[in-house]
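Atoms within a ligand are numbered from 1 in the order they appear, just like the ligands themselves.
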Amino acid sequence: MVVMFRLHVFCLAMAAAFIPFAAHAQQATLLVDVDHRPQISLDGPWHYIPDPYREGWGPNPDHASLHGYAANAHYVPGGPLIQYDFARSPTLNVPGDWNSQKDSLFYYEGLLWYQRDFTYHPKPHTHVFIHFGAANYAASIFVNGQHVCDHEGGYTPFDCEISGIAKDGENFIVAAVDNTRAVERVPTVRLDWWNYGGLTRPVSLIEVPDTYIDDYSLQLERGTQDRLEGYVHVAGADAGTQVTLGIPGLHIEKEAVTDTNGRASFSFAAAGLALWSPEHPRLYAVALHAGSDRLNDEIGFRTIEVQGDRIRLNGKPVFLRGISFHDEAPFRSGRAWSDKDASTLLGWAQELHCNFVRMAHYPHTENEYRLADKLGLMVWSEIPVYWGIDWTSPRTLEVAKHQLWEMIRRDHNHAAVILWSMSNETPESPERNAFIHELVVEARREDPTRLITSAIVTHFKGTTATLDDPLGQDLDVLGYNEYIGWYMGDAKTIPDYTWQNPMGKPVIMSEFGADAKAGLHGPATDKFTEEYQDSVYRQQFQMLDKIPFLRGMTPWVLMDFRSPMRQLPGIQDNYNRKGLVSNKGEKKQAFNTLRDYYAKMQK
Ligand code: GCU
């Protein structure tokens, strides 16, 4: 019931903010593990029409599908007056953001309409969904002129059912995507990354039988090293529907039946189980059967918990040698989405001897999580509750909760994910504390097996930082960001700083670093030179080594990334240059310095 209640509440909030939608639009849902289902890809060129004046909604947004661009009308010389025609319009590639594909759209923020035709042949006893990997920021989807669903949140997937709407033969889809920044949105108006708009991740058709598995979870039972527990949810199933769960690698075949909510629960011994860890990222093939539906996955089993100020992986203390990164494509910039993007980014993290990555500041493309499972990279995953969110708006809270729900729903079977982060650098206030408290409650309800954290701004009295932000009370692990040597003081002062941890919780230094233009060399006292960045890292290590409760770090940042906040000509040119690698793949001095530091730590 939680699921349906969550979707219903969310839609009410949605309707209030975006464009009043025709009542018959149904909720977007989220199918788990779709990338293991057969898919009909809708990727490739889609026609597009930028719509800064929001003309495409037509005279009455409620009937956009009749009089607006969603009707997909075609201009015929001598015919009725039509002032748009997708078939005559240019195209954008999907997946992909629009800003990095067209110079004319480089700075574009607003509404843009996508359209493409597709052929489909409905099958009996079959549901068909359109699956969107992500659409930044808000999207309204129309098929054959009918409004099928809406979604808000630019970094999480959604599925829209089009059974009975998709007809036999030729069909068309129109997607209105709007990346306008707004106070009540998540993230809100100020952010230090490029607000890439569009259908930024793969789009496909997914077919499932009458009753189908839309969610499941299988994890190592806490406090054990050889018992597994979980559930399988079968949409549309009557109570008593049989579900089979198999793990051939452990010679396990278990059966259970669904309850009145369509949920079948499992708990069983798993003798001989090899635990997942960075050193041994063992994954097991898992096969699920319910009625005529089949779903396979590859899952690792591990426990992650906190004891005092220590983080324990599979019961043993672990230090998180990490790096932060944005979901931006190496070399070509723009939103990352391909397996190549994922292997380049995580490949660099491995070169640094990392066992951990912070995916900032929003859920990244799912193929990065899959690869992290395989490579043995633990993951910090975050929702974009970033800087000054509208804490007092119930609608904003609903949107943030929904993004959190979608992040957990999509990624809760990835062993690599050990931390859910609720926010980044949010200014302390009672409203903020209450807002994030609600998120923490939601996260613990949705997934009681992982650790909860946030990245908090460090405040200093002189050269002492006391990690007492009240937000920490709600968290398992405290993430603190500090820029000593860059935004405050210079590099040589860094070792003078000391840290107090009154809450006695594990601490991760979730950001530190300095900008450097690759290839710019000079005295280590000159900001933006590689030498300066390198000296900041060397001094940071001296300070960090002295912090007894430090359990990890994720320096800012793996690769230079685009941001309209960074305008220094010849040096920044729309890029945050705190990368250890430039956007063109050039490794800076500090890359080797961090690599050697982690190599020594790893021994
Ligand atoms: C902040 C913030 C990042 C930003 C970084 C910077 O801490 O969390 O998103 O890019 O600092 O200033 O470079």
Side-chain angles (χ1 to χ4, degrees), residues 136 154-155 181 185-196 322-328 333 335-336 345 357-364 380-389 419 421-428 432 436 453-460 465 467 469 471 475 478-491 494 497 507-518 527-530 532-533 536-537 540 544 552-568 571-583 588 590 594:
N136 191 42
Y155 305 96
R181 284 168 295 115
R185 290 185 164 182
V186 180
T188 182
V189 283
R190 267 194 88 237
L191 51 156
D192 188 22
W193 69 86
W194 206 268
N195 182 28
Y196 291 116
I323 190 80
S324 299
F325 70 108
H326 267 286
D327 208 13
E328 185 150 309
S333 286
R335 275 280 159 251
L345 292 164
V357 287
R358 176 185 176 202
M359 294 188 180
H361 293 291
Y362 38 78
H364 284 203
W380 160 313
S381 192
E382 183 164 292
I383 50 172
V385 173
Y386 180 91
W387 290 349
I389 294 282
L419 285 155
S421 171
M422 303 298 109
S423 64
N424 179 73
E425 293 198 349
T426 52
E428 204 260 313
R432 172 265 225 168
I436 297 182
T453 190
S454 268
I456 304 171
V457 177
T458 311
H459 295 295
F460 295 89
L467 308 182
D469 185 308
L471 177 58
L475 308 176
L478 311 179
Y480 272 85
N481 297 356
E482 50 90 1
Y483 281 93
I484 315 167
W486 186 251
Y487 294 125
M488 55 181 275
D490 57 34
I494 299 173
Y497 285 78
V507 171
I508 294 175
M509 207 58 81
S510 37
E511 288 184 33
F512 64 86
D515 279 57
K517 168 82 175 161
K527 284 195 167 159
F528 293 110
T529 61
E530 288 196 31
Y532 189 97
Q533 183 190 50
V536 166
Y537 272 74
Q540 283 277 353
L544 297 167
M553 58 178 77
T554 50
W556 192 261
V557 65
L558 178 63
M559 183 185 80
D560 294 354
F561 60 93
R562 273 211 184 106
S563 167
M565 289 177 64
R566 313 296 170 172
Q567 294 296 345
L568 185 57
I571 290 185
Q572 293 179 316
D573 298 316
N574 273 327
Y575 280 89
N576 181 313
R577 295 285 183 200
K578 292 191 180 68
L580 297 177
V581 186
S582 77
N583 49 298
K588 305 174 192 177
L594 181 63

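Heavy-atom distances between Tyr487 and ligand 1 reach below 4.0 Å in at least one pair. Judged by the shortest distance from any of its heavy atoms, Trp486 lies outside the 4.0 Å radius around the atoms of ligand 1. The shell of residues lying under 4.0 angstrom from ligand 1, judged by heavy atoms, excludes His326.
Asp573 meets the side-chain hydrogen bond (donor to acceptor under 3.5 Å, both in side chains) test with no other residue; sequence neighbours excluded. Trp193 pairs by the ring-ring contact (aromatic ring centres under 6.0 Å, His included) definition with His326, His361, Tyr362, Tyr386, not counting sequence neighbours.
For Leu191, no heavy-atom contact with ligand 1 is shorter than 4.0 Å. Contact annotation: for Val557 versus ligand 1, there are no heavy atoms closer than 4.0 Å. Contacts of Trp556 with ligand 1, taken as heavy-atom pairs under 4.0 Å, involve the side chain alone.
Distances below 4.0 Å separate heavy atoms of Arg566 from the following atoms of ligand 1: 6 (C), 12 (O), 13 (O). Per-residue contacts place His361 under 4.0 angstrom from the following atoms of ligand 1 (heavy atoms of the residue considered): 3 (C), 8 (O), 9 (O). Remark: ligand 1 atoms within the under-4.0 Å shell around heavy atoms of Asn424 are 2 (C), 8 (O). Contact atoms of ligand 1 toward Phe561: 10 (O) (distance under 4.0 Å to a heavy atom of the residue).
Between Arg358 and Glu511, at least one side-chain nitrogen of the basic residue sits less than 4.0 Å from a carboxylate oxygen of the acidic one, meeting the salt-bridge criterion. Taking a cutoff of 4.0 Å between a charged side-chain nitrogen and a carboxylate oxygen, Asp192 and Arg566 qualify as a salt bridge.
In this structure, Tyr537 and Phe512 have tilted ring planes: the angle between them lies in the 30° to 60° band.
Between Met509 atom CE and Thr458 atom OG1 the span is 6.0 Å, to the nearest 0.5 Å.
The protein atom (non-hydrogen) at minimum distance from atom 2 (C) of ligand 1 is Glu511 OE1, 3.4 Å. At the top of the distance list for atom 4 (C) of ligand 1, counting protein heavy atoms only, stands Asp192 OD2, 3.2 Å.
Among the candidates Gln533, Lys578, Lys527, Arg577, the single residue satisfying the side-chain hydrogen bond (donor to acceptor under 3.5 Å, both in side chains) test with Asp515 is Lys578.
For Phe561 and Tyr575, the gap between ring centers reaches or exceeds 6.0 Å.
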